[in-house]
Amino acid sequence: MPGPSGPRGLCKGEVQEGVMSGNEAAATEELKDALPTEVRISPGMNRLTELNRRALENPSEFWEPYADELHWEEREGPLFTKTADPPYGSWFKGWKTNLCYNCVDRWMTTERRNKVAFYWEGEPGEKRTISYHDLYREVNLLASAMKELGVREGDRVAIYLPMIPEAIFAMLATVRLGAIHSVVFGGFTAQALADRMNDSKQRLLITADGGFRAGKIVELKKIADQALLQAPTIEKAIVVKRTGQPVEMKPGRDFWYHDLIAKAKPYVAPEWVDGTHPSFILYTSGTTGKPKGAVHSTGGYMLWLYYTMQAVFDVNDQDVYWCTADIGWVTGHSYIVFGPLLRGATTFFYEGAPQIPTWDRWWSLIERYGVSILYTSPTAIRSFIKQGEALLEKHDLTSLRLLGTVGEPINGEAWHWYNKHIGRGRCTIVDTWWQTETGGILITPQPGTVDIPLKPGSATFPVPGVDAAVVNDEGHEVPRGEKGYIVIRNPWPGQFMTLWGDPNRYKSVYFSRFPGFYYPADFCIRDSDGYFWLLGRADEVMKISGHRLATTELENILIMHPAVAESAVIGKKDEVKGEVPIACVILKPGHTPSPELAKELLDHVRNNLGPFGVPAQIYFVEKVPKTRSAKIMRRLIRDVVEERPLGDMTTLEDETSVEEARRAYEEFKKDIARAKG
Ligand code: WTA
């Protein structure tokens with residue numbers, strides 16, 4: 001795999017200031033000032049346009065050479081077929097393959113057999129190095145143990161693990177058997193885990209006694225035990241011994257991972273599944289309180305990761321690649337596990353928190369493992385900015401050559417700091433825009449394919465085969481420089497196929513707002529050079545440290561508390577986390593506001609949802625402003641909480657008049673002042 005090393009794609013003279021998003025209105029204002037001057041139309045841009053044209057004109061022909069590099073046990077029918085219904089296309093129907101085989105077995109007859117698949121370090125400092133052959137062995141042992149427990153093609157398997165090698169083994173073993181995994185982020189608590197296991201009637205749970213995080217033990221088995229009380233479809237649980245603290249093991253249901261492996265067979269044949277067979281379900285937040293199970297394919301998903309891993313990260317055999325995400329979120333699925341392994345790359349991953357034992361843990365890891373590609377979030381970068389550069393400067397980071405970001409818009413300050421202090425001014429930077437639903441990266445610089453001038457804050461251009469546009473409420477493309485909604489006007493290989501058990505919701509949420517188009521619910525502006533600037537969510541979904549959470553999900557948790565009558569949650573701009581939740585709470589009669597009750601509510605969220613969703617502030621109020629049809633006026637609440645004058649109310653939903661909104665704003669302002677006072 002040839003891949004040029006050293007920095008590329010960064011044209012210093014043309015780097016422009018970026019924008020901070022989170023709040024669309026403010027971002028738009030900032031962006032107006034920041035809109036770049038014209039950049040030269042580079043040969044790279046012309047080449048991208050040409051690739052995109054070819055991929056859109058004839059998808060089967062364009063993708064075939066890439067598909068040829070992967071293993072297919074059978075090929076029956078065309079690579080791509082148009083369909084009348086969303087998502088308007090199907091990929092690799094009639095083609096048989098196995099995702100695990102392509103990530104692992106495929107390398108057993110090549111020199112990558114003896115190459116490091118990943119280095120791993122635990123938070124307390126243990127180290128493991130897993131070669132591709134080690135991976136092959138581990139995955140086969142686990143898959144045969146799972147088969148022995150009764151797991152078959154199409155079964156759903158819950159994975160609730162810390163960031164340890166077994167998490168990767170578990171994902172691969174599941175797809176080896178043609179079963180469908182559903183990874184639940186280790187920061188979620190019992191209720192969230194149970195809801196997910198029940199929604200897709202999962203049969204097996206793979207968990208651990210605990211995990212190390214920020215110097216503490218997260219008691220995963222204890223939490224899982226609570227979830228299992230309300231998840232009747234789970235028949236068996238496999239438990240990895242990670243922390244060694246005592247846990248309860250229910251005889252006949254719970255099995256130690258190491259016991260099963262000790263008597264497992266060394267090989268189990270991969271199940272050849274159709275290209276459209278679901279490989280995994282990943283639950284993500286939508287505008288209603290109920291998380292949606294995004295279902296991904298096998299063939300199209302595999303091809304998309306195989307392609308983007310090279311185009312975006314330009315990964316080659318000299319690289320050590322580190323994606324700092326958690327495998328509980330899509331970034332981890334796609335770019336810790338499947339993408340790098342499909343490319344035979346060497347990765348590094350780490351179990352714990354960046355401040356353990358001191359804030360230079362990451363820099364020490366990069367130095368010690370010779371990490372050359374780093375993929376992280378703007379929130380992480382902003383937390384490091386707060387720490388200053390003294391610790392950082394003690395480390396040799398010259399192994400780095402390519403830096404990436406994902407999960408939220410990156411503000412100019414964070415981009416420049418990343419470039420200067422981590423990249424030392426000599427690394428390519430890729431700002432990658434995508435979603436759980438899209439499977440892989442859609443809009444991004446593509447240094448593995450072309451060089452184009454970068455603009456900090458802009459994810460630049462779509463990957464070939466993605467026809468992105470920015471439209472207004474009527475679905476018409478807006479002029480350059482104007483804000484609108486991003487839409488994707490064609491099917492692409494990595495797209496999710498449906499929502500588990502809810503095909504109608506799939507159509508209505510994603511394909512009905514602009515018929516014929518996929519609607520991601522993000523705001524976007526294209527500048528005069530055509531660059532895409534993604535500005536954050538256009539719906540009621542928050543991105544807290546890049547983690548996705550619907551305001552309604554948090555409201556639902558709050559009203560489960562006996563003292564709470566009603567609540568309204570908004571996302572407020574935050575310097576480090578991008579956004580933080582703020583909750584306005586109306587108490588039931590007989591309960592009075594107090595700091596103790598506020599603390600109790602915060603604990604309630606921590607215990608029922610997870611630490612990442614805990615509100616930054618709770619305001620006890622008398623009422624929350626609503627429209628006549630009882631919709632919470634979140635924009636108005638946001639204006640009051642962020643102490644801004646009442647924003648533009650001309651597009652008020654329902655029959656609510658501007659006058660009413662203004663009155664509600666004034667009343668609510670008094671209410672909040674009292675709550676603060
Ligand atoms: C946001 C994460 C701006 C966006 C992979 C999207 C971004 C949501 C970027 C999906 C980016 C992700 N610039 N915004 N580079 N990347 N987003 O499903 O709002 O956790 O809709 O997937 O993150 O979040 P999800």
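In what follows, every heavy atom counts, from backbone to side chain, and hydrogens, waters and symmetry copies are set aside. Every number for a ligand or one of its atoms is a count from 1 in the order of the listing.
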Look at [X] together with [Y] and state whether they make a salt bridge at an N to O cut-off of under 4.0 Å.
X	Y	answer
D574	K543	no
E408	R382	yes
R638	E540	yes

Query - Flag side-chain contact, heavy atom, 4.5 Å: W362 against T376 - result: yes
Query raised in the report: Are T284 and R548 close enough that a side-chain donor and a side-chain acceptor fall under 3.5 Å?
Result: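 Yes - a donor-acceptor pair under 3.5 Å links their side chains.
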Requested in this report: Taking only heavy atoms of the protein into account, state which residues are under 4.0 angstrom from an atom of ligand 1, in chain and number order.
Outcome: V330, T331, V406, G407, E408, P409, D431, T432, W433, W434, Q435, T436, D522, L534, R537, K543, R548
Report task. With sequence neighbours excluded, tell me which residues meet salt bridge (Lys or Arg N to Asp or Glu O under 4.0 Å) with D431. Result -> none
